[in-house]
2 protein chains.
Amino acid sequence: MTMKITFEKKVLSKNDRIAAEVRRHLTTRGIVAVNLIGSPGSGKTSLVERTAAWCHGRFATAALTGDQATRHDADRIERAGIPAIQITTGNECHLNAQRILDCVSRDELWDIELLLIENVGNLICPAAYDLGEAAKVALLSVPEGDDKPLKYPGLFQRADLMVISKIDLLGSSDFDADRAERNAREIAPHIEVVRLSCRTGEGLGRWTGWLTTRLAQTAPLTARRD
Amino acid sequence: MTMKITFEKKVLSKNDRIAAEVRRHLTTRGIVAVNLIGSPGSGKTSLVERTAAWCHGRFATAALTGDQATRHDADRIERAGIPAIQITTGNECHLNAQRILDCVSRDELWDIELLLIENVGNLICPAAYDLGEAAKVALLSVPEGDDKPLKYPGLFQRADLMVISKIDLLGSSDFDADRAERNAREIAPHIEVVRLSCRTGEGLGRWTGWLTTRLAQTAPLTARRD
């Protein structure tokens with residue numbers, strides 16, 4: 001067990017060093033990166049698709065999307081109108097900073113202002129890995145149940161924002177959005193919360209408002225490639 | 001990377017040795033253990049509750065339930081009428097064989113015929129850890145999307161049965177149950193499939209039928225404590 005803990009500490013501290021490098025890359029170029037974390041099927045790709053459409057003509061945006069296999073998500077996101085790079089992780093259950101560093105100098109990610117990173121579908125492991133992002137967003141979809149912040153506290157404690165997704169399904173289960181917020185704030189008192197549905201569009205304005213604030217807080221661009 | 005792979009191989013091969021010990025414990029006592037794996041909110045606890053009710057008067061049953069935090073699930077399962085032991089994993093994203101071995105000699109698990117193991121909510125990491133179970137069951141809930149077997153192949157390739165849960169929500173999204181089955185069989189040709197809803201009860205008979213077959217295949221009991 002000690003061997004395991006030592007090993008994990010080593011992996012995480014190496015990851016932190018690489019994440020700092022990614023963060024320098026991104027902030028120097030004025031890019032705001034948002035790390036979207038949630039269970040499989042919590043609506044991460046749908047949110048990226050919706051955000052891509054909203055960004056059109058507003059902010060130059062690209063996406064990185066992690067999955068164990070397939071490039072379904074990158075294909076969906078590109079159809080929504082922004083460049084997307086698929087990161088296939090194989091057996092790995094999370095993205096790490098090296099995966100992002102391998103991408104940040106690619107053409108698709110050069111002249112952008114917003115980078116949407118869609119993590120591997122997993123409510124646990126991705127939370128521990130800093131990717132050099134400006135903010136972590138935890139997605140919790142209505143069908144998953146309002147108790148999840150208490151059962152998987154690690155992610156919600158590290159997240160800047162909790163998105164309650166699929167609110168068009170409220171009423172189809174005993175999910176109580178107020179209780180979900182209370183549960184999240186019990187373990188993460190300062191977490192912000194946005195409720196939305198990518199299907200109906202309800203609440204998307206609050207999400208894009210949050211993004212706009214984040215983008216406005218970014219320092220002016222100091223280095224662009226040309 | 002090599003260090004990581006070597007470390008993981010070491011952890012998994014140690015786990016396999018302990019899993020073999022768990023399997024000996026269970027088979028000697030005629031206990032069928034089923035390892036339920038699925039995303040957070042895929043309906044694992046609901047399925048255990050429903051199964052507990054069905055087992056009443058048929059099979060002596062107990063449950064082990066893994067979560068990063070809280071004992072909500074064990075409390076729910078005990079209210080459904082069977083003994084339940086909560087395994088709190090902290091930062092860990094899966095159960096391992098040692099966790100099960102630590103429990104198999106406890107009173108709650110002695111004179112039983114069926115052991116329902118509810119893994120930590122995670123579609124990835126738990127798949128790699130043999131717990132000494134007789135069968136692995138992969139839960140895929142309708143709101144998660146029918147593409148998940150292709151995107152998270154590891155679990156479905158190792159599972160004996162895929163349970164498509166929450167079929168009362170069919171129609172609320174573009175989930176196509178036939179397509180989900182085709183996707184699963186594309187990467188796991190021999191996987192069995194049961195579609196059910198714990199909310200309406202639809203399909204539960206097929207699940208309990210599958211369990212009954214499993215229980216009937218078990219060798220007669222050769223060792224009981226008294």
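A note on names: the letters A, B, ... follow the listed sequences, proteins ahead of strands, and every chain is numbered from 1.
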**OP:** For A/C125 and B/N122, run side chain to side chain contact (heavy atoms under 4.5 Å, CB included): C-alpha distance rounded to whole Å, both residues' side-chain angles, the deciding distance at 0.1 Å, then the answer.
**Re:** CA-CA 9 Å; A/C125 318; B/N122 186 330; 4.1 Å; yes
Residues of [range] within contact distance of chain A, non-hydrogen under 4.5 Å:
{"range": "residues 167-184 of chain B", "value": "B/L169, B/S172, B/S173, B/D174"}
{"range": "residues 142-154 of chain B", "value": "B/P143, B/E144, B/D147, B/K148, B/L150, B/K151, B/Y152, B/P153"}
{"range": "residues 40-56 of chain B", "value": "B/P40, B/G41"}

Subject >> Separation between CG of A/L123 and CD of B/Q68, rounded to the nearest 0.5 Å >> reply: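 So the CG of A/L123 and the CD of B/Q68 are separated by 8.0 Å.
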**OP:** To the nearest 0.5 Å, tell me how far B/K10 NZ sits from A/F7 CZ.
**Re:**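 Nearest 0.5 Å value for the NZ-CZ distance: 10.5 Å.
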Original post:
By salt bridge (charged side-chain N to carboxylate O under 4.0 Å, His left out), which residues pair with B/E133, not counting sequence neighbours?
Top reply: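 Residues passing salt bridge (charged side-chain N to carboxylate O under 4.0 Å, His left out) with B/E133: B/K136.
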Subject >> Proximal component of B/N91, with respect to chain A [non-hydrogen, under 4.5 Å] >> reply: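 For B/N91, the contact with chain A is made by the backbone alone.
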**OP:** Could you check which of A/K166, A/Q98, A/R199 has the highest count of heavy-atom pairs closer than 4.5 Å to chain B?
**Re:**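 Of A/K166, A/Q98, A/R199, A/R199 has the most heavy-atom pairs under 4.5 Å with chain B.
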